[in-house]
Amino acid sequence: MNCLKKDFFIRDVLDIAPDLIGKILVRRFEDGKIKKYIITETEAYRGEEDLACHASKGRTKRTDVMYQNGGIIYVYLIYGMYWMLNFVCENENIPQAVLIRGIKNFNGPGKVGKELKLNREFNYKEIILDNNLCIIDNNIKVNIITKPRVGIDYAGKIWKNKPWRFILAE
DNA sequence: GTTAAGATTCCG
DNA sequence: GGAATCTTAACG
């Protein structure tokens, strides 16, 4: 299977987020069954200066994973109920991550986490099939719509209005 | 040790 | 508009 290599994630998150749209997310479950999903929506979180990014508060136990070398998974529990799926980008000490906001038939990051049965075990894991999660490059070109990010009212106008949300066009 | 708030979703 | 539900960070 031609999964995306680590190189793909050692780039600026603003290049990676739109590149992931239309690609295939592969999840192997505990019982060995494999499911594939088309990625329909992503959001970019870029560095400490981005007030919407968790890393804007500095390096903590929670954000440490974003400072790692790209190509690993960042999952965290939000509101005590939903697991968010992110992929860490760029080189070490550059805190960037892409949030998977939607996959086909499951729009909304909370639903994505629920469908994929995520848990804390995925944090820091490489994005390879051996870790039960990877992405296939299908080389299909798609049309992408950009919009402001969602759920970050606390970040202030400048960052809230950035068109860093990428959506698969119909 | 206690408290406040969050990259959400569902219900009224 | 508000609750559900829990981890983390920022206090004391």
Side-chain angles (χ1 to χ4, degrees), chain A residues 4 8-23 25 27 35 37-127 131 133 135 144-169:
Chain A
L4 293 184
F8 179 88
F9 295 95
I10 311 293
R11 293 187 294 153
D12 194 293
V13 67
L14 292 181
D15 292 326
I16 297 171
D19 270 3
L20 284 175
I21 301 293
K23 289 199 176 5
L25 181 67
R27 168 73 161 108
K35 277 195 178 182
Y37 309 87
I38 297 173
I39 297 174
T40 58
E41 190 174 342
T42 62
E43 258 180 26
Y45 289 89
R46 191 168 186 271
E48 293 181 348
E49 59 178 15
D50 178 5
L51 294 182
C53 183
H54 287 161
S56 65
K57 291 165 186 158
R59 189 166 186 158
T60 64
K61 186 181 176 185
R62 185 188 188 116
T63 63
D64 177 74
V65 60
M66 282 205 276
Y67 288 77
Q68 306 300 311
N69 218 343
I72 60 174
I73 300 166
Y74 168 34
V75 291
Y76 65 94
L77 187 68
I78 190 65
Y79 302 121
M81 337 173 76
Y82 300 107
W83 291 98
M84 304 279 116
L85 173 62
N86 304 257
F87 298 129
V88 176
C89 302
E90 270 285 11
N91 283 295
E92 202 173 350
N93 296 321
I94 303 177
Q96 298 188 353
V98 191
L99 166 68
I100 304 301
R101 275 198 76 83
I103 52 180
K104 194 146 195 175
N105 301 327
F106 298 95
N107 289 331
K111 293 179 184 172
V112 171
K114 191 179 170 188
E115 167 63 22
L116 298 179
K117 294 187 169 59
L118 298 177
N119 57 62
R120 74 188 69 243
E121 301 297 312
F122 283 94
N123 218 17
Y124 287 94
K125 289 279 173 64
E126 297 275 338
I127 306 166
N131 288 329
L133 196 72
I135 298 169
I144 297 169
I145 300 170
T146 60
K147 288 188 176 177
R149 290 174 291 179
V150 177
I152 52 166
D153 287 340
Y154 59 83
K157 280 185 188 174
I158 295 175
W159 296 103
K160 184 175 162 54
N161 291 334
K162 296 264 183 206
W164 288 355
R165 179 180 172 208
F166 305 90
I167 305 167
L168 179 67

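All chains are named by letter (A, B, ...) in the order of the sequence lines, taking the proteins before the strands, and each is independently numbered beginning at 1.
Aromatic stacking of A/Tyr45 on B/dA7: satisfied, with centres closer than 5.5 Å and planes within an angle under 30 degrees.
Whole-Å rounding puts the A/Arg59 CZ to C/dA10 P distance at 16 Å. Counting to the nearest Å, the C1' atom of B/dT8 and the OH atom of A/Tyr76 are 9 Å from each other. Atom CG of A/Leu51 and atom C1' of B/dA5 are 16 Å apart (whole Å). A straight line from CH2 of A/Trp159 to P of B/dA7 spans 16 Å, rounded to a whole angstrom. Atom NZ in A/Lys61 sits roughly 8 Å away from atom C1' in C/dT8 (whole-Å rounding). A straight line from CG of A/Asn161 to P of B/dA7 spans 17 Å, rounded to a whole angstrom. For the pair A/Leu118 CG and B/dA7 C1', the interatomic distance rounds to 14 Å; values are reported in whole Å. Between A/His54 atom NE2 and C/dT7 atom P the separation is 16 Å, expressed in whole Å.
Within the 4.0 angstrom heavy-atom criterion, only backbone atoms of the sugar-phosphate kind lie near A/Ile152; the bases stay farther away.
Once rounded to the nearest 0.5 Å, the distance linking NZ of A/Lys117 with CH2 of A/Trp83 reads 15.0 Å.
Of the possible polar contacts, none joining the A/Thr42 side chain to the A/Ile21 backbone as a donor-acceptor pair under 3.5 Å is found. At distances below 3.5 Å, not a single donor-acceptor pair connects side-chain atoms of A/Arg46 with backbone N or O atoms of A/Asp12. Remark: side-chain polar atoms of A/Glu43 are paired, donor with acceptor, to backbone N or O of A/Val150 under 3.5 angstrom.
Salt-bridge annotation for A/Asp50 and A/Lys162: absent, with no side-chain N of the basic residue lying under 4.0 Å from a carboxylate O of the acidic one.
No hydrogens or angles considered: nothing links the side chains of A/Tyr76 and A/Asn86 as a donor-acceptor pair under 3.5 Å.
Base pairing of C/dG2 is made with B/dC10, judged by Watson-Crick or G-U wobble geometry with both donor-acceptor distances under 3.5 Å. In this structure, B/dT3 forms a base pair with C/dA9, meeting either the Watson-Crick or the G-U wobble geometry with both donor-acceptor distances under 3.5 Å.
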Between the protein and nucleotides 9-12 of chain B, which nitrogen or oxygen pairs come in under 3.5 angstrom?
residue	atom	partner	partner atom	Å
B/dT9	OP1	A/Gly108	O	3.4
B/dT9	OP1	A/Pro109	N	3.0
B/dT9	OP1	A/Gly110	N	2.9
B/dT9	O4'	A/Tyr82	OH	3.1

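In this structure, A/Tyr67 and A/Ala55 approach most closely via the heavy-atom pair OH-O, 3.5 Å.
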